[in-house]
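Report on one structure; see the data block that follows.
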There are 2 protein chains.
Amino acid sequence: MQPLDTQSNQANGGNELVGELLSTIFPIMDALRNGMRSQRPADLTEPQFRTMGFLCHNEGISLSGMAEEFGLTLPTVSKMVDGLVKRELVLREENPRDRRRVTLRLTEKGRSVFEAAKRNTNARLAEMLGTLTPDERAMIVSTLQIMRRVFAPEKEIG
Amino acid sequence: MQPLDTQSNQANGGNELVGELLSTIFPIMDALRNGMRSQRPADLTEPQFRTMGFLCHNEGISLSGMAEEFGLTLPTVSKMVDGLVKRELVLREENPRDRRRVTLRLTEKGRSVFEAAKRNTNARLAEMLGTLTPDERAMIVSTLQIMRRVFAPEKEIG
DNA sequence: TATTGTTATACTCTATAACTATA
DNA sequence: TATAGTTATAGAGTATAACAATA
């Protein structure tokens, strides 16, 4: 949102970048949250959106698998899943091979709510990004790939 | 964190970008939160960090000014400021010219805690970005400027 | 009457500690 | 004994509704 102290970020290599990075991603996160919240009552918070997006591609994962994936504690994901189960967006099922383990997946309703939130989020962000030229968008694509190498090295998009 | 459904984002202009944008900024936000939380007991949450960064450059702003700036409601910022006041990081003062109004500023402790969190956050992110080549960093700088034109048009860094 | 802010209430997100059930 | 998960508790962040004080 703000430069957060531009003056002191002009020294060396990566450091120079950080203030600009923060004052760019904060407004993006704001726009993202607005997109997810814009169609009540089927709206989702950012953690719920991430959780359901992950379940969309990792059906049957356990709670501890999710906790590790997201870098959160077990009680945190357990409680977050509680909320999604209460809204009938996610199913908690027992794993018969190891009855300590829970397996998770989206309900049909969950999938459709997630897809709607994603469409909405995409539409909002895409509309904003659509004001750029093709060259500018291509430059963003290349740069995002570089940034993912740094911040999400194990999660390249194929 | 995840692509969140790469397949369906390959159609038109801005839309193609959105999946890549999300799977890039989520891990960045994770790294940022880790940086802010890494030196207890003086750690800050992301909203606290943003609030204090804003106060750092806008001493004397009112609660409603902050609420508008952040796109939050008055009760929300009032309560968040409560927490910062309780930790003696922010001062709430009465404005004698309009006694309905509150003016806010960082305490000395607040300033030093914020600077420490910022140093820590910067160091962590800068270390990660420092693995890139100068050309790659220059490309990121240019791209962030483009993205700010889209998502934070009124807040250019001078 | 309109504006500024607080309080009451409720829900989500997060953590640590203590617990249960299963392996 | 170790692992998977839940429950208890607590604090932060968010909202809406109802309120008080000031203009």
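Predicted, not measured: the structure shown is a model, and the values here were computed from it. Just so we're on the same page: letters track the sequence lines, and every chain starts at 1. In what follows, every heavy atom counts, from backbone to side chain, and hydrogens, waters and symmetry copies are set aside.
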Requested in this report: Answer with base, sugar-phosphate or nothing: what part of the nucleic acid does B:Arg92 contact at a heavy-atom distance below 4.0 Å?
Outcome: sugar-phosphate
Among the candidates [options], find the nucleotide nearest to the side-chain atoms of [X].
X: A:Ser78; options: D:dA12, C:dG5, D:dT6; answer: D:dT6
X: A:Met80; options: C:dC13, D:dT6, D:dA15; answer: C:dC13
X: B:Leu74; options: C:dG5, D:dA12, D:dT6; answer: C:dG5
X: A:Arg100; options: D:dA12, D:dG5, D:dA4; answer: D:dA4
X: B:Leu72; options: C:dT4, D:dT14, C:dT6; answer: D:dT14

**Report entry** Qualifying residue, where the test is side chain to side chain contact (heavy atoms under 4.5 Å, CB included) with B:Leu89 and the options are B:Leu55, B:Leu44, B:Val81
**Finding:** B:Leu44
Sidechain N-carboxylate O distance under 4.0 Å for [X], [Y]:
X: B:Glu20; Y: A:Arg148; value: yes
X: B:Arg87; Y: B:Asp82; value: no
X: B:Arg50; Y: B:Glu46; value: yes

Report summary line: The answer to which of A:Pro75 and A:Arg101 contacts DNA chain D further toward the 5' end, by nearest nucleotide, is A:Arg101
**Report entry** Closest-nucleotide 5' rank along DNA chain D - winner of B:Thr73 and B:Pro96
**Finding:**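 Closest to the 5' end, via its nearest nucleotide, is B:Thr73.
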Query raised in the report: Roughly how many Å is it from CG in A:Asp43 to C1' in D:dT14, rounded to a whole number?
Result: 12 Å
Query - Whole-Å distance separating the CD atom of A:Glu94 from the C1' atom of D:dT6 - result: 14 Å
Query - Residue whose nearest DNA chain C nucleotide is more 5′ - B:Ser62 or A:Asn95 - result: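 Looking at DNA chain C, the more 5' nearest nucleotide goes with B:Ser62.
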Query raised in the report: Does A:Pro47 or A:Asp98 map to a spot on DNA chain C nearer the 5' end, using the closest nucleotide for each?
Result: A:Pro47
Report task. Check whether the side chain of B:Lys79 and the base of C:dT6 form a donor-acceptor pair under 3.5 Å. Result -> no
**Report entry** Presence of A:Arg99 side-chain N/O under 4.0 Å of C:dT22 phosphate oxygens OP1/OP2
**Finding:** yes
